[in-house]
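Basis for what follows: all heavy atoms, side chains included, without hydrogens, waters or symmetry-related copies. What you see is a predicted model, and the numbers here were worked out from it, not measured in a lab.
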Amino acid sequence: MSEPHSTPRTSAYLDALSQAIHKKLQRALANSSQRRDLLQELFADIALEVDDRAKDVIVNKEEDVISPAEDINDGPLCFYDVLADYFVRVSESGKPIVDLIVQLWSQSFASHIFALLFHKWLFEVHLDNPEVLLRYSSALVQGATNVFWIDIQTNTRRFQSLFRYLLEDVALDHTRLNKIPFQAQRDTYLLLSRFILFYNKADKIDSFLKQCPVFPTAFLIGGPADIFVTELTDQLQKLKVEPVLLHYLSEIKILQGMELRMTTSTRLKTCLYSFTSPGGPMYPTRAVRHAAWVALDLLFPVGRYPRHLISLFFRLLYPWYWPSSCWNFVISCAQAIFYSLLRFIFSTWDKIAKPKSQ
(Lines give C-alpha, C1' and ligand atoms only; values in the text may rest on other atoms or scores of the structure.)
Protein backbone atom coordinates (compact mmCIF):
# COMPACT_ATOMS: atom_id res chain seq x y z
CA MET A 1 0.00 0.00 0.00
CA SER A 2 1.57 3.27 -1.05
CA GLU A 3 1.98 6.18 1.34
CA PRO A 4 0.69 9.50 0.09
CA HIS A 5 2.91 12.51 0.66
CA SER A 6 5.88 10.46 1.85
CA THR A 7 9.35 10.15 0.47
CA PRO A 8 11.36 6.89 0.42
CA ARG A 9 13.50 8.32 3.19
CA THR A 10 10.45 9.01 5.38
CA SER A 11 8.99 5.58 4.64
CA ALA A 12 12.25 3.87 5.52
CA TYR A 13 12.52 5.79 8.78
CA LEU A 14 8.95 4.97 9.87
CA ASP A 15 9.42 1.35 8.85
CA ALA A 16 12.55 1.21 11.01
CA LEU A 17 10.58 2.60 13.96
CA SER A 18 7.91 -0.02 13.36
CA GLN A 19 10.52 -2.78 13.35
CA ALA A 20 12.07 -1.45 16.57
CA ILE A 21 8.67 -1.52 18.28
CA HIS A 22 8.10 -5.07 17.05
CA LYS A 23 11.46 -6.23 18.41
CA LYS A 24 10.89 -4.67 21.82
CA LEU A 25 7.48 -6.33 22.08
CA GLN A 26 9.06 -9.66 21.18
CA ARG A 27 11.64 -9.17 23.92
CA ALA A 28 8.89 -8.35 26.40
CA LEU A 29 6.98 -11.47 25.41
CA ALA A 30 10.06 -13.68 25.76
CA ASN A 31 11.36 -12.19 29.03
CA SER A 32 8.72 -12.33 31.76
CA SER A 33 10.98 -10.89 34.48
CA GLN A 34 11.64 -7.68 32.53
CA ARG A 35 8.30 -7.53 30.73
CA ARG A 36 6.86 -4.60 32.65
CA ASP A 37 10.04 -2.54 32.36
CA LEU A 38 10.31 -3.15 28.62
CA LEU A 39 6.70 -2.16 28.02
CA GLN A 40 7.14 0.94 30.15
CA GLU A 41 10.24 1.89 28.14
CA LEU A 42 8.36 1.38 24.89
CA PHE A 43 5.46 3.52 26.09
CA ALA A 44 7.87 6.28 27.13
CA ASP A 45 9.63 6.11 23.76
CA ILE A 46 6.50 6.50 21.63
CA ALA A 47 5.20 9.29 23.88
CA LEU A 48 8.35 11.33 23.37
CA GLU A 49 8.29 14.55 21.41
CA VAL A 50 9.82 14.21 17.94
CA ASP A 51 13.27 15.79 18.05
CA ASP A 52 14.62 18.09 15.35
CA ARG A 53 16.73 15.40 13.69
CA ALA A 54 13.78 13.02 13.37
CA LYS A 55 11.50 15.85 12.26
CA ASP A 56 13.89 16.64 9.40
CA VAL A 57 13.29 13.11 8.15
CA ILE A 58 9.55 13.03 8.76
CA VAL A 59 8.84 16.48 7.35
CA ASN A 60 9.08 16.57 3.59
CA LYS A 61 10.51 20.06 3.13
CA GLU A 62 10.95 19.75 -0.64
CA GLU A 63 7.22 19.34 -1.21
CA ASP A 64 6.29 21.42 1.85
CA VAL A 65 4.31 18.49 3.19
CA ILE A 66 4.27 17.52 6.83
CA SER A 67 2.81 14.67 8.79
CA PRO A 68 -0.98 14.91 9.11
CA ALA A 69 -0.53 14.59 12.86
CA GLU A 70 1.36 17.85 13.00
CA ASP A 71 -1.35 19.67 11.10
CA ILE A 72 -4.01 19.01 13.75
CA ASN A 73 -1.94 19.05 16.88
CA ASP A 74 -1.77 22.19 19.02
CA GLY A 75 0.99 20.77 21.20
CA PRO A 76 4.31 19.18 20.36
CA LEU A 77 4.46 16.53 17.66
CA CYS A 78 5.08 13.17 19.35
CA PHE A 79 6.20 9.87 17.88
CA TYR A 80 2.83 8.25 18.52
CA ASP A 81 1.16 10.94 16.36
CA VAL A 82 3.36 10.06 13.42
CA LEU A 83 3.15 6.30 13.94
CA ALA A 84 -0.65 6.34 14.30
CA ASP A 85 -0.91 7.91 10.83
CA TYR A 86 1.70 5.51 9.47
CA PHE A 87 -0.17 2.41 10.64
CA VAL A 88 -3.32 3.69 8.91
CA ARG A 89 -1.49 4.23 5.63
CA VAL A 90 0.52 1.01 5.87
CA SER A 91 -1.85 -1.25 7.78
CA GLU A 92 0.12 -4.43 7.06
CA SER A 93 3.04 -2.99 9.00
CA GLY A 94 0.93 -2.69 12.15
CA LYS A 95 -0.69 -6.14 12.09
CA PRO A 96 2.32 -8.02 13.62
CA ILE A 97 2.55 -5.40 16.36
CA VAL A 98 -1.16 -5.73 17.17
CA ASP A 99 -0.77 -9.52 17.39
CA LEU A 100 2.05 -9.15 19.91
CA ILE A 101 0.11 -6.61 21.98
CA VAL A 102 -2.83 -9.03 22.11
CA GLN A 103 -0.52 -11.65 23.64
CA LEU A 104 0.55 -9.06 26.24
CA TRP A 105 -3.02 -7.86 26.83
CA SER A 106 -3.02 -8.29 30.62
CA GLN A 107 0.32 -6.53 31.14
CA SER A 108 0.76 -2.98 32.37
CA PHE A 109 1.22 -0.41 29.60
CA ALA A 110 -0.04 -2.78 26.87
CA SER A 111 -3.33 -0.90 26.58
CA HIS A 112 -1.44 2.44 26.72
CA ILE A 113 0.68 1.41 23.75
CA PHE A 114 -2.29 0.08 21.78
CA ALA A 115 -4.31 3.28 22.34
CA LEU A 116 -1.48 5.54 21.22
CA LEU A 117 -0.42 3.57 18.15
CA PHE A 118 -3.71 2.20 16.87
CA HIS A 119 -6.46 4.65 17.83
CA LYS A 120 -6.81 5.66 14.16
CA TRP A 121 -6.11 2.22 12.75
CA LEU A 122 -9.08 0.77 14.66
CA PHE A 123 -11.55 3.06 12.86
CA GLU A 124 -9.95 2.93 9.42
CA VAL A 125 -9.20 -0.79 8.98
CA HIS A 126 -12.08 -3.17 8.38
CA LEU A 127 -12.45 -5.90 11.05
CA ASP A 128 -15.00 -8.66 10.50
CA ASN A 129 -14.92 -10.40 13.88
CA PRO A 130 -17.27 -8.66 16.39
CA GLU A 131 -15.46 -10.19 19.38
CA VAL A 132 -12.09 -8.92 18.17
CA LEU A 133 -13.58 -5.49 17.50
CA LEU A 134 -15.04 -5.35 21.02
CA ARG A 135 -11.70 -6.41 22.51
CA TYR A 136 -9.79 -3.77 20.58
CA SER A 137 -12.37 -1.08 21.39
CA SER A 138 -12.25 -1.91 25.10
CA ALA A 139 -8.46 -1.78 25.03
CA LEU A 140 -8.60 1.61 23.32
CA VAL A 141 -10.92 3.05 25.99
CA GLN A 142 -8.83 1.57 28.81
CA GLY A 143 -5.55 2.75 27.32
CA ALA A 144 -6.90 6.23 26.58
CA THR A 145 -8.19 6.49 30.15
CA ASN A 146 -4.75 5.59 31.49
CA VAL A 147 -2.82 8.08 29.35
CA PHE A 148 -5.31 10.87 30.03
CA TRP A 149 -4.82 10.32 33.74
CA ILE A 150 -1.07 10.63 33.20
CA ASP A 151 -1.75 14.07 31.72
CA ILE A 152 -3.93 14.88 34.73
CA GLN A 153 -1.28 13.83 37.25
CA THR A 154 1.46 15.81 35.50
CA ASN A 155 -0.80 18.72 34.47
CA THR A 156 0.35 18.44 30.87
CA ARG A 157 -1.49 17.82 27.61
CA ARG A 158 0.91 15.53 25.80
CA PHE A 159 -1.95 13.26 24.72
CA GLN A 160 -4.27 16.01 23.56
CA SER A 161 -4.14 14.87 19.94
CA LEU A 162 -5.51 11.46 21.00
CA PHE A 163 -8.36 13.11 22.88
CA ARG A 164 -9.10 15.41 19.96
CA TYR A 165 -9.28 12.51 17.54
CA LEU A 166 -11.65 10.53 19.79
CA LEU A 167 -13.87 13.59 20.28
CA GLU A 168 -13.93 15.32 16.91
CA ASP A 169 -13.25 12.45 14.50
CA VAL A 170 -15.03 9.64 16.34
CA ALA A 171 -17.65 10.83 18.85
CA LEU A 172 -18.88 13.63 16.57
CA ASP A 173 -18.71 11.46 13.44
CA HIS A 174 -21.30 8.68 13.26
CA THR A 175 -19.46 7.04 10.36
CA ARG A 176 -16.53 6.12 12.58
CA LEU A 177 -18.43 5.79 15.84
CA ASN A 178 -20.79 3.17 14.43
CA LYS A 179 -17.83 0.95 13.53
CA ILE A 180 -17.39 -0.07 17.17
CA PRO A 181 -19.94 -2.00 19.30
CA PHE A 182 -22.63 -0.14 21.27
CA GLN A 183 -20.96 -0.86 24.60
CA ALA A 184 -17.71 0.65 23.34
CA GLN A 185 -19.62 3.69 22.05
CA ARG A 186 -21.11 4.24 25.50
CA ASP A 187 -17.73 3.75 27.20
CA THR A 188 -16.17 6.27 24.81
CA TYR A 189 -18.90 8.81 25.62
CA LEU A 190 -18.30 8.39 29.35
CA LEU A 191 -14.54 8.68 28.87
CA LEU A 192 -14.78 11.90 26.88
CA SER A 193 -17.25 13.35 29.38
CA ARG A 194 -14.66 13.08 32.15
CA PHE A 195 -11.82 14.80 30.29
CA ILE A 196 -13.48 17.27 27.91
CA LEU A 197 -12.99 20.23 30.26
CA PHE A 198 -9.36 19.32 30.94
CA TYR A 199 -8.52 19.38 27.24
CA ASN A 200 -10.25 22.75 26.75
CA LYS A 201 -13.06 21.51 24.52
CA ALA A 202 -15.97 23.07 26.37
CA ASP A 203 -17.12 24.69 23.12
CA LYS A 204 -17.84 21.20 21.76
CA ILE A 205 -20.15 20.15 24.59
CA ASP A 206 -23.43 21.03 22.84
CA SER A 207 -22.51 19.01 19.76
CA PHE A 208 -21.14 16.25 21.96
CA LEU A 209 -24.37 15.89 23.94
CA LYS A 210 -26.39 15.61 20.72
CA GLN A 211 -24.29 12.60 19.68
CA CYS A 212 -24.85 10.69 22.93
CA PRO A 213 -25.40 6.96 22.28
CA VAL A 214 -28.42 5.16 23.68
CA PHE A 215 -28.00 4.00 27.29
CA PRO A 216 -30.29 1.14 28.40
CA THR A 217 -30.54 2.69 31.89
CA ALA A 218 -31.41 6.16 30.63
CA PHE A 219 -34.83 6.04 32.30
CA LEU A 220 -32.99 5.81 35.65
CA ILE A 221 -29.98 8.06 35.16
CA GLY A 222 -31.47 10.65 32.82
CA GLY A 223 -30.61 12.03 29.41
CA PRO A 224 -27.28 12.97 27.80
CA ALA A 225 -26.80 16.05 30.01
CA ASP A 226 -27.40 14.04 33.19
CA ILE A 227 -24.96 11.34 32.12
CA PHE A 228 -22.36 13.95 31.22
CA VAL A 229 -22.68 15.87 34.51
CA THR A 230 -22.66 12.65 36.56
CA GLU A 231 -19.35 11.61 35.00
CA LEU A 232 -17.96 15.10 35.44
CA THR A 233 -18.98 15.11 39.12
CA ASP A 234 -17.25 11.77 39.70
CA GLN A 235 -14.15 13.14 37.98
CA LEU A 236 -14.06 16.22 40.23
CA GLN A 237 -14.08 14.02 43.33
CA LYS A 238 -11.07 12.06 42.07
CA LEU A 239 -8.86 15.04 41.25
CA LYS A 240 -5.93 15.63 43.60
CA VAL A 241 -3.76 17.98 41.52
CA GLU A 242 -4.62 21.54 42.55
CA PRO A 243 -3.97 23.34 39.19
CA VAL A 244 -6.08 20.74 37.38
CA LEU A 245 -8.90 21.00 39.91
CA LEU A 246 -8.84 24.80 39.64
CA HIS A 247 -9.01 24.46 35.86
CA TYR A 248 -12.09 22.22 36.10
CA LEU A 249 -13.79 24.58 38.55
CA SER A 250 -13.14 27.56 36.30
CA GLU A 251 -14.45 25.74 33.20
CA ILE A 252 -17.52 24.26 34.89
CA LYS A 253 -19.43 27.50 34.30
CA ILE A 254 -20.33 25.99 30.92
CA LEU A 255 -22.99 23.96 32.79
CA GLN A 256 -24.96 27.11 33.63
CA GLY A 257 -28.49 26.83 32.30
CA MET A 258 -28.23 23.11 31.53
CA GLU A 259 -31.45 21.23 32.31
CA LEU A 260 -30.73 18.43 34.77
CA ARG A 261 -32.67 16.01 36.89
CA MET A 262 -33.00 16.88 40.57
CA THR A 263 -30.77 13.98 41.59
CA THR A 264 -28.03 15.02 39.15
CA SER A 265 -28.24 18.65 40.20
CA THR A 266 -28.09 17.73 43.90
CA ARG A 267 -25.12 15.48 43.30
CA LEU A 268 -23.17 18.24 41.56
CA LYS A 269 -24.13 20.78 44.25
CA THR A 270 -22.99 18.42 47.03
CA CYS A 271 -19.69 17.80 45.22
CA LEU A 272 -18.98 21.52 44.84
CA TYR A 273 -20.01 22.24 48.42
CA SER A 274 -17.54 19.62 49.69
CA PHE A 275 -14.73 21.73 48.21
CA THR A 276 -15.80 24.88 50.09
CA SER A 277 -14.85 23.73 53.59
CA PRO A 278 -11.31 23.18 54.91
CA GLY A 279 -10.40 19.77 56.24
CA GLY A 280 -11.64 16.34 55.28
CA PRO A 281 -12.58 14.57 53.19
CA MET A 282 -11.23 16.79 50.38
CA TYR A 283 -8.76 18.99 52.30
CA PRO A 284 -9.03 21.74 49.67
CA THR A 285 -6.63 24.68 49.62
CA ARG A 286 -7.89 28.24 49.97
CA ALA A 287 -7.69 28.76 46.20
CA VAL A 288 -9.79 25.64 45.59
CA ARG A 289 -12.34 26.70 48.22
CA HIS A 290 -12.70 30.12 46.63
CA ALA A 291 -13.07 28.64 43.12
CA ALA A 292 -15.66 26.15 44.41
CA TRP A 293 -17.68 28.97 45.99
CA VAL A 294 -17.60 30.93 42.73
CA ALA A 295 -18.75 27.89 40.75
CA LEU A 296 -21.42 27.01 43.31
CA ASP A 297 -22.86 30.52 43.42
CA LEU A 298 -22.84 30.76 39.62
CA LEU A 299 -24.53 27.41 38.96
CA PHE A 300 -26.89 27.48 41.95
CA PRO A 301 -27.69 31.13 42.76
CA VAL A 302 -30.81 30.18 44.75
CA GLY A 303 -29.82 29.82 48.39
CA ARG A 304 -26.50 31.55 47.92
CA TYR A 305 -26.60 33.69 51.08
CA PRO A 306 -27.95 30.97 53.41
CA ARG A 307 -25.12 28.70 52.23
CA HIS A 308 -22.52 31.30 53.12
CA LEU A 309 -24.10 31.89 56.53
CA ILE A 310 -24.16 28.16 57.27
CA SER A 311 -20.55 27.88 56.17
CA LEU A 312 -19.58 30.78 58.44
CA PHE A 313 -21.39 29.17 61.39
CA PHE A 314 -19.51 25.89 60.95
CA ARG A 315 -16.22 27.77 60.61
CA LEU A 316 -16.89 29.30 64.03
CA LEU A 317 -16.99 25.80 65.49
CA TYR A 318 -13.30 25.34 64.66
CA PRO A 319 -11.29 28.01 66.54
CA TRP A 320 -7.98 26.91 65.03
CA TYR A 321 -9.17 28.27 61.68
CA TRP A 322 -9.99 31.72 63.10
CA PRO A 323 -6.53 33.32 62.81
CA SER A 324 -6.07 32.36 59.15
CA SER A 325 -9.66 33.31 58.32
CA CYS A 326 -9.30 36.71 59.99
CA TRP A 327 -5.99 37.34 58.29
CA ASN A 328 -7.34 36.43 54.85
CA PHE A 329 -10.40 38.58 55.50
CA VAL A 330 -8.19 41.56 56.38
CA ILE A 331 -6.04 41.00 53.28
CA SER A 332 -9.14 40.73 51.05
CA CYS A 333 -10.59 43.95 52.52
CA ALA A 334 -7.28 45.78 52.11
CA GLN A 335 -7.01 44.66 48.48
CA ALA A 336 -10.62 45.72 47.78
CA ILE A 337 -10.02 49.16 49.33
CA PHE A 338 -6.72 49.55 47.46
CA TYR A 339 -8.24 48.71 44.06
CA SER A 340 -11.23 50.97 44.79
CA LEU A 341 -8.88 53.86 45.55
CA LEU A 342 -6.97 53.21 42.33
CA ARG A 343 -10.18 53.26 40.30
CA PHE A 344 -11.27 56.46 42.03
CA ILE A 345 -7.89 58.14 41.38
CA PHE A 346 -7.83 57.15 37.70
CA SER A 347 -11.45 58.16 37.12
CA THR A 348 -10.82 61.53 38.82
CA TRP A 349 -7.68 62.04 36.75
CA ASP A 350 -9.63 61.33 33.55
CA LYS A 351 -12.29 63.90 34.50
CA ILE A 352 -9.61 66.52 35.18
CA ALA A 353 -7.68 65.71 31.99
CA LYS A 354 -10.70 65.83 29.65
CA PRO A 355 -11.44 69.62 29.92
CA LYS A 356 -7.78 70.41 29.33
CA SER A 357 -7.69 68.29 26.21
CA GLN A 358 -10.86 69.95 24.96
Side-chain angles (χ1 to χ4, degrees), residues 141 144-145 148-149 152 163 166-168 170-172 174 177-178 180-240 244-277 280-282 284 288-311 314:
V141 172
T145 302
F148 293 160
W149 269 108
I152 289 275
F163 180 86
L166 292 178
L167 175 64
E168 298 180 1
V170 177
L172 301 183
H174 273 301
L177 186 63
N178 290 334
I180 59 177
F182 288 118
Q183 181 58 49
Q185 294 180 27
R186 292 190 285 267
D187 291 342
T188 301
Y189 181 84
L190 298 179
L191 166 67
L192 297 175
S193 298
R194 294 192 290 271
F195 294 95
I196 193 168
L197 293 186
F198 176 71
Y199 287 107
N200 301 311
K201 293 296 179 182
D203 60 314
K204 302 287 185 181
I205 288 179
D206 289 339
S207 302
F208 176 65
L209 294 179
K210 292 177 183 177
Q211 303 296 331
C212 178
V214 177
F215 282 78
T217 57
F219 66 97
L220 292 175
I221 60 179
D226 292 284
I227 297 169
F228 171 74
V229 173
T230 298
E231 290 300 309
L232 185 58
T233 303
D234 291 342
Q235 180 79 344
L236 282 172
Q237 293 173 323
K238 295 175 183 176
L239 296 175
K240 304 299 180 185
V244 175
L245 182 53
L246 289 172
H247 179 73
Y248 268 84
L249 291 173
S250 66
E251 292 290 323
I252 208 170
K253 61 181 180 292
I254 195 69
L255 303 183
Q256 189 176 20
M258 192 175 288
E259 295 185 7
L260 302 172
R261 284 190 175 188
M262 182 64 70
T263 52
T264 308
S265 179
T266 303
R267 188 172 184 177
L268 176 61
K269 187 189 300 183
T270 303
C271 173
L272 291 174
Y273 193 75
S274 68
F275 287 111
T276 62
S277 302
M282 296 301 179
V288 170
R289 295 198 301 271
H290 178 73
W293 273 121
V294 171
L296 192 62
D297 292 341
L298 180 67
L299 297 178
F300 304 99
V302 177
R304 172 181 178 178
Y305 296 110
R307 281 198 303 266
H308 283 273
L309 287 174
I310 292 171
S311 176
F314 279 106

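Rounding to the nearest 0.5 Å gives a distance of 7.0 Å between OG1 of Thr188 and CG of Leu166. The structure places CG of Leu236 at 6.5 Å from CG of Leu272, a figure rounded to the nearest 0.5 Å. We find the CD-OG1 distance between Glu231 and Thr233 to be 9.0 Å, quoted to the nearest 0.5 Å. Residue Phe195 holds its CZ atom at 13.5 Å from CG of Leu167, rounded to the nearest 0.5 Å. How far CE of Met258 is from CG of Leu209: 5.5 Å, rounded to the nearest 0.5 Å. With rounding to the nearest 0.5 Å, the separation of NZ in Lys204 from CG in Leu192 is 13.0 Å.
With sequence neighbours excluded, the residues forming a side-chain contact (heavy atoms from CB on, under 4.5 Å) with Lys269 are Leu296, Phe300, listed by chain and number. Under the ring-ring contact (aromatic ring centres under 6.0 Å, His included) criterion, Phe163 pairs with Phe148, Tyr199, not counting sequence neighbours. Phe208 is linked by a ring-ring contact (aromatic ring centres under 6.0 Å, His included) to Tyr189, counting only residues two or more places apart in sequence or in another chain. Residues passing the side-chain contact (heavy atoms from CB on, under 4.5 Å) test with Thr145, sequence neighbours excluded: Val141, Trp149, Leu191, Arg194.
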Side chains of residues 219-229: which donor-acceptor partners sit under 3.5 Å, not counting sequence neighbours?
residue : atom : partner : partner atom : Å
Asp226  : OD1  : Arg261  : N            : 2.8
Asp226  : OD1  : Thr264  : OG1          : 2.8
Asp226  : OD2  : Gly223  : N            : 3.3

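Between the side chain of Arg289 and the main chain of Pro284, a donor-acceptor pair closer than 3.5 Å is present. At least one donor-acceptor pair closer than 3.5 Å links the side chain of His247 to the backbone N or O of Leu197. With hydrogens and angles ignored, the 3.5 Å screen pairs a side-chain donor or acceptor of Thr276 with a backbone N or O of Tyr273.
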> Can you check side-chain contact (heavy atoms from CB on, under 4.5 Å) on Phe198 and Val244, steps first, answer last?
Replying inline: CA-CA 7 Å; Phe198 176 71; Val244 175; 3.9 Å; yes

>> Using side-chain contact (heavy atoms from CB on, under 4.5 Å), reason through Ile196 and Ile205 one step at a time and then give a plain yes or no.
In response: CA-CA 8 Å; Ile196 193 168; Ile205 288 179; 3.9 Å; yes

> Are Leu232 and Leu255 close enough, and set up right, to give a side-chain contact (heavy atoms from CB on, under 4.5 Å), and what steps lead you there?
Replying inline: CA-CA 11 Å; Leu232 185 58; Leu255 303 183; 3.9 Å; yes

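Taking a 6.0 Å sphere around NE2 of His290, one finds it holds 12 or fewer heavy atoms contributed by other residues, nucleotides or ligands.
With contacts defined as side-chain heavy-atom distances shorter than 4.5 Å, the pair Ser274/Gln237 does not qualify. In this structure, Ile152 and Lys240 have side chains that are not in contact, with every pair of non-hydrogen atoms separated by 4.5 Å or more.
Of all heavy-atom pairs spanning Ile252 and Ala295, the tightest one is CG2-CB, 3.7 Å.
Note on residues 210-222: pairs passing side chain to side chain donor-acceptor pair (under 3.5 Å), not counting sequence neighbours, are His174-Gln211.
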